[in-house]
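Lettering follows sequence order; numbering is per chain, from 1. Side chains included, hydrogens not; waters and symmetry mates left out as well; all remaining heavy atoms used.
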There are 2 protein chains.
Amino acid sequence: MTVPSSLHQRILADIGQKIVSGEWPPGHRIPFEHELTEQYGCSRMTVNKALTQLAKAGLIERRKRSGSFVARPRSQAAVLEIHDIRTEVEALGLPYRYSLSSLTQRLAETPEDATAGFSDAVPLLDIACRHFAGDAPFCLEERLISLEAVPEAAVQSFADTAPGAWLISHVPWSTAEHTIRAVAADRATARMLDVPPNTACLVVERRTWSGGLPVTRVRLTYPGTSHAVVARFTPEG
Amino acid sequence: MTVPSSLHQRILADIGQKIVSGEWPPGHRIPFEHELTEQYGCSRMTVNKALTQLAKAGLIERRKRSGSFVARPRSQAAVLEIHDIRTEVEALGLPYRYSLSSLTQRLAETPEDATAGFSDAVPLLDIACRHFAGDAPFCLEERLISLEAVPEAAVQSFADTAPGAWLISHVPWSTAEHTIRAVAADRATARMLDVPPNTACLVVERRTWSGGLPVTRVRLTYPGTSHAVVARFTPEG
DNA sequence: CTCACCAATATGTATATACATAATGAAAAG
DNA sequence: CTTTTCATTATGTATATACATATTGGTGAG
């Protein structure tokens, strides 16, 4: 969190904060430029600079004559193209099925929890579930959700909705860190994914923050060469 | 390549082009704002907008009283944090060694060449080499370089300098696409990496373009769990 | 000769203004 | 009742101007 040194940066940070915190949900109309002009006691060029930047970052969407609106979160896919798993499976023309394996509520305490970014004694949701493409397991998901950051998650059963999909529509924006590596499937993982032990698997670990607070850590294990992560970027953005 | 609809976008594209093409090498001084103002017959605010954007994209560096300069390319690491391999190895406190395995010049013709983005009959440099950490192979590199995009590469021996390091200092900026997957090492790969066959390996494939032209396709194979790719991003950028 | 100070300079930010453009909603014409 | 037209409105781009800020290079006091 850098201290905004200039006015347009402060406006940008203020509005960004409201969006990230969920105070202004997706679809919410941002005040018009002339309203912000009045609110901050500055010229239109200054608020325009802030809003233009927010639009380029994908946080807001601007429409002439209508105003500016909080953008629907496009998941982290926009930057690191990891799609929502349902979308991904359906893009392959296969029927998608989701299945919850376990869900427990506990306090952060293990060294792994600390590595994941959760401070000691933070209440956590510990979830294991699977995503299927047709009859075959497509991906194993092991997820921790901080109930400090997302208290509403405590009352969700996640029996029918995958936690990823639910979070995407409840945490509009965040900082994200991806770690991707290859591992040989251990006995338990192999059984869950229905592949021989020692099969090469792609493990994608994603940690996300919202407003400086860690929100969730998810480990996605994809069997064999069935999956690739693609990231594309251009200087212009 | 989108057609610049506004003046500041055209200025941005013009300068970006000069940098990407290498016409303005790293360290080269961009014309002062007042010079560009004159050249384009516009106000300083307009050129300032273009230069500010170029600076945020990391293409140029701005210094008060001195002017603006073409930035030293920081590799793609800035966005997808894949470091230069030498740096990566040395960060582990291990001695780095590079070794060229094969280098041939040929024309693009195989379906794989086409998949990599190289049109038929484009002259290519086909390179295989290895990066060592201490005595152990750290990573296997298989690279194609388009001699159409980088003709200077034809006279390089790459006996002592890894093609990646050489390219980074000769192609300042580009669009890049990363594909990351897990594979089991085949017999040949296993031998090159000095690991048992079927070891899970992380394969990072990177394709880069410069001014719309494909420049290089590199496949980096890391053995076992020795390596992870980390990508981090924040909305602000 | 050294150091403190100052003027010149290029970028950084902000203002007031102007006209262009796209989309909305309502009034007018068929 | 439908379609066309038009004024309204919010954003998009650009200008001329102003002052702030950081840095370079030189100048003068000690």
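- One interatomic measurement links the two molecules: CG of B/Leu36 to C1' of D/dA14, which rounds to 16 Å at whole-angstrom precision.
- Between the CD atom of B/Glu35 and the P atom of C/dT9 there is a distance of 13 Å, rounded to whole Å.
- Ring geometry for A/His131 versus A/Tyr98: interplanar angle of 30 to 60°, hence tilted.
- C/dA14 atom P lies 12 Å from atom CG of B/Asn48, rounded to whole Å.
- DNA chain C is contacted by both B/Phe32 and A/Ser43; B/Phe32 maps to the nucleotide lying nearer its 5′ end (nearest heavy atom per residue).
- As rounded to whole Å, 21 Å separates atom C1' of D/dA16 from atom OH of B/Tyr40.
- Within 6.0 Å of atom CD in B/Glu38, 12 or fewer heavy atoms from other residues, nucleotides or ligands are found, so the atom counts as exposed in its surroundings.
- For the pair A/Ile30 and B/Arg44, both in contact range of DNA chain D, the more 5′-proximal nearest nucleotide belongs to A/Ile30.
- The residue among A/Met45 and B/Lys64 whose nearest nucleotide of DNA chain C lies closer to the 5′ end is B/Lys64.
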Side chain to side chain contact (heavy atoms under 4.5 Å, CB included) for A/Ile15 and A/Leu51? Distances and angles first, verdict last.
CA-CA 9 Å; A/Ile15 296 176; A/Leu51 294 183; 3.8 Å; yes
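- Taking 4.0 angstrom as the limit, A/Ser6 places none of its side-chain polar atoms (N or O) nearer than this to OP1 or OP2 of C/dG12.
- At the heavy-atom level, A/Thr52 lies nowhere under 4.0 Å from the strands shown.
- When each of B/Arg63, B/Glu61, B/Arg62 is paired with B/Ser68, the side chain to side chain donor-acceptor pair (under 3.5 Å) condition holds for B/Arg62 and for no other.
- Regarding A/Gln53, its CD atom lies at a distance of 13 Å from the P atom of D/dG12, rounded to whole Å.
- Residues A/Phe138 and A/Tyr222 place their aromatic rings such that the two centres sit under 6.0 Å apart.
- Rounded to whole angstrom, the span from the CZ atom of A/Arg29 across to the C1' atom of C/dT24 amounts to 14 Å.
- At C/dT21, none of the side-chain N or O atoms of A/Arg65 fall inside 4.0 Å of OP1 or OP2 (strictly under the cut-off).
- Among D/dT24, D/dG12, C/dT13, the nucleotide with an atom closest to any side-chain atom of B/Ser66 is D/dT24.
- Looking at heavy-atom distances under 4.0 Å, A/Leu7 makes contact with sugar-phosphate atoms alone, never a base.
- For the pair B/Glu33 CD and D/dA16 C1', the computed distance is 15 Å after rounding to whole Å.
- Distance from the side chain of B/Arg62 is smallest for C/dG12 among the nucleotides D/dT13, C/dG12, C/dA10.
- Residue A/Thr46 has no polar side-chain atom (N or O) positioned under 4.0 Å from OP1 or OP2 of C/dT13.
- Look at CD1 on A/Ile11: it is 11 Å from C1' on C/dA14, rounded to the nearest Å.
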